[in-house]
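All ligand and atom numbering here is 1-based and tracks the order in the structure.
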Amino acid sequence: MSDKAIENVLHENRTFQPSEAYTRTTSITREVYEQKYQQSIENPEAFWGEVAQDLHWFEPYSKVLDWNEPFAQWFVEGKTNLSYNALDRHLEQKGNKTAIIWEGEDGEVRTYTYAELTREVKKFSNVLLNLGVQTGDRVTIYLPMIPEAAFAMLACARIGAVHSVVFGGFSSGALSDRINDAGSKVLITADGGYRRGSAVPLKRNADDAAENTPSLQHILVIKRTGQDVNIKEGRDVWYHEAVQNVSEDHDAVPLDAQHPHFILYTSGSTGKPKGVLHALGGYMVNTYLTTQTVFDLKEDDIYWCTADVGWITGHSYIVYGPLLNGATVLMYEGAPNHPDWGRFWKIIEDHKVTILYTAPTAIRSFMRAGSEYPNSHDLSSLRLLGSVGEPINPEAWIWYYTVIGKEKCPVVDTWWQTETGSIMITTLPGAHTMKPGSAGVPMYGVDAAIVDADGHVLGANEGGFLVVRKPWPSMLRTVYGDDNRYKTQYWGEIPHVYFAGDGARRDQDGYFTIVGRIDDVLNVSGHRLGTMEVESALVSHPAVAEAAVVGRPDPIKGEGIVAFVTLQTGFDATEQELKAHVAKEIGAIARPDDIRFAEALPKTRSGKIMRRLLRQIAAGQEIKGDTSTLEDVSVIEKLQKAPQQ
Ligand code: 6R9
């Protein structure tokens, strides 16, 4: 976050009370929260054991938690199935209730009742079984935001295959790395997907990715755009053909609560993304409870989370959490500005959306586009707003609250991560005073604290590291295939606590304000990207000798990407060429905003690039702090003088 934005947060002291109209509708009061929170921290096993009873277990658990730091087992010996709990469990009462309302970018609408969705998922499960997918096998999903993405995830969960969803905006290279790390047997993709009116060639990317993926046996292709694709005999299978002759019956497989539910790759401070592994039982119980509590779900809600299923928010709060609660979920395929910036508001009006959960970067884009877009739609169905993915600046919060929520909808600013699986810090609607820019208080079972580098708890308003001191059910279980990385990066930075990688402070009322990442991870439009990932993409270009990537405050994206590059002698490359190269290597989200060519990068005498200085240069700030360790001071002057392209 920029210094200016931090200043803003520091100086923002307006607070907002939930409206009386809202508090009348909820049973979760401040007292209820306090009491439950207390109980969840004092006796987590009793607390979570009771929550888990809302769900179906084929065989009961013998123990709620077995904690062998840093490895947790939740609901030991329990047998369950997430697909069963999200679908079959509701059929008797809610078979005819709408589970998914899907709107395509082209305006097509499809709806599925719980009975219909269950049937689709059973068929999808049988298609996967026919392709030879067995319990424990990994399946990579590379799809646009179409209902089949949810079917595919729920089908994997149903048969006990471990899904790894790869965001459809990632490149073929990023896709093949993820297929190889997981050792996936099957890849599920589509011919293409729509984005701002044009069709993205997913199958072509999949073909490129599959050139170097020894574990991959089949590609299952869903028809979405109808564009021409290459179908490789024996390897590729059209979904619409495969589904024709399969049975509509399938009994969900009872799986151990520790069964690996999914892998999701996310960026860390090294070049290689980590496969965050979530286990079935704990993830299920925690996403079930947080969806119900944080969104204060009501039977007739139309709930819309605008994330993509390729990110954790899409996993936990489009697919699993809402369906576990038998809610009606809206899914939208396309861009927020197609055909114009009124699209979201039209969707809300058309489908009478009651809960909207989106990201600060989207809110800032809407603000810039202008209030006339939301103002020309009927948003009166909305009753609750949520924010996720990055710190929300108070201006954006207040615009969201007034222009979208008309000062009657509480805003929940939810802090959590791919690794935490579910929401960790937030206010509860109706229960808590809202402070723009401050996420709020810990959710049930979350023992969050602000500590210094030695693990000492800091006082009110002192900035430090955000940590969690006790295990919680939806915590990651490991980094796929790398227990050691899990131990050292999450539980080894500061002894005996989970290290989130965020800087934060806690005020006198116990509210946590997240300042941003303290590691080499950028948050670009709410998406995590490692600076090292972008650097390795840059140096893979033949002309690039060395690259250093830093973040720079950006009014819309939160953070923009600035790359400092030195070229190989005798080689040349343009800024456009290098930007396009990164987009091709990783995906469009990683395209640098600015590339600065330099003769040399500022390094310490031991050869470490001084990123702190580069960050200041990228932000156009004066160089502050110690430069005495710099090997060659003149490098700095040259970089500052370099033309800003
Ligand atoms: C859910 C998700 C996690 C990182 C996290 C933090 C930032 C997320 C936030 C927030 C401030 C919030 N972050 N929510 N910062 N306030 N409400 O976004 O997961 O993609 O893994 O990113 O995002 O820096 O560490 P993920």
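- Using a 30° and 60° split on the angle between ring planes, Tyr490 and Tyr486 fall in the tilted class, from 30° to 60°.
- Each of the atoms 9 (C), 12 (C), 14 (N), 17 (N) of ligand 1 lies under 4.0 Å from some heavy atom of Thr414.
- The aromatic rings of His163 and Tyr320 sit parallel, their planes meeting at an angle under 30°, below the 60° perpendicular limit.
- For ligand 1, the atoms sitting less than 4.0 Å from at least one non-hydrogen atom of Thr313 are 1 (C), numbered in the order shown with element in parentheses.
- Here Trp311 and Phe167 bring their ring centres to under 6.0 angstrom of each other.
- Every atom of ligand 1 with a heavy atom of Pro391 under 4.0 Å away is listed here by number and element: 11 (C), 15 (N), 16 (N).
- Ring pair Tyr498/Trp472 is perpendicular by interplanar angle, where above 60° counts as perpendicular and below 30° as parallel.
- Ring planes of Tyr283 and His261: tilted class, angle from 30 to 60°.
- With a 4.0 Å cut-off on non-hydrogen atoms, Glu390 touches ligand 1 through its backbone and not its side chain.
- Under the 4.0 angstrom criterion for non-hydrogen atoms, Trp415 is in contact with ligand 1.
- Of all protein heavy atoms, the one closest to atom 5 (C) of ligand 1 is Asp502 OD2, 3.1 Å.
- When heavy-atom distances to ligand 1 are checked against a 4.0 Å cut-off, Thr418 comes that close through both its backbone and its side chain.
- In summary, the atoms of ligand 1 found under 4.0 Å from a heavy atom of Val388, numbered by their order in the structure, are 1 (C).
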Discussion item. With side chain to side chain donor-acceptor pair (under 3.5 Å) as the criterion, how do Glu533 and Ser267 come out once you've worked through the C-alpha distance, each side chain's angles and the decisive distance to 0.1 Å?
Written reply: CA-CA 8 Å; Glu533 269 175 86; Ser267 298; 2.4 Å; yes
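- Geometrically, Arg477 does not engage Phe71 in a cation-pi contact, judged by NZ or CZ lying under 6.0 Å from the ring centre and within 45° of the ring axis.
- The nearest heavy-atom contact from the protein to atom 2 (C) of ligand 1 is Trp416 O, 3.7 Å.
- At least one N or O atom of Asp413, backbone or side chain, sits closer than 3.5 Å to an N or O atom of ligand 1.
- At the shortest separation from atom 8 (C) of ligand 1 among protein heavy atoms lies Gly389 C, 3.3 Å.
- Per-residue contacts place Asn523 under 4.0 angstrom from the following atoms of ligand 1 (heavy atoms of the residue considered): 7 (C), 23 (O).
- Side-chain N/O atoms of Tyr288 and Asn85 include no donor and acceptor closer than 3.5 Å.
- By the 3.5 Å distance cut-off applied to N or O atoms, Ala500 is not counted among the residues near ligand 1.
- Residue contacts with ligand 1 for Ala439 are absent, since no atom lies close enough (heavy atoms, distance under 4.0 Å).
- For Thr414 and Thr426, the side-chain atoms include no donor-acceptor pair closer than 3.5 Å.
- Shortest contact from atom 22 (O) of ligand 1 to any protein heavy atom: Arg528 CD, 3.2 Å.
- Taking any N or O of Thr266, backbone or side chain, none lies under 3.5 Å from an N or O belonging to ligand 1.
- Ring pair Trp74/Trp48 is perpendicular by interplanar angle, where above 60° counts as perpendicular and below 30° as parallel.
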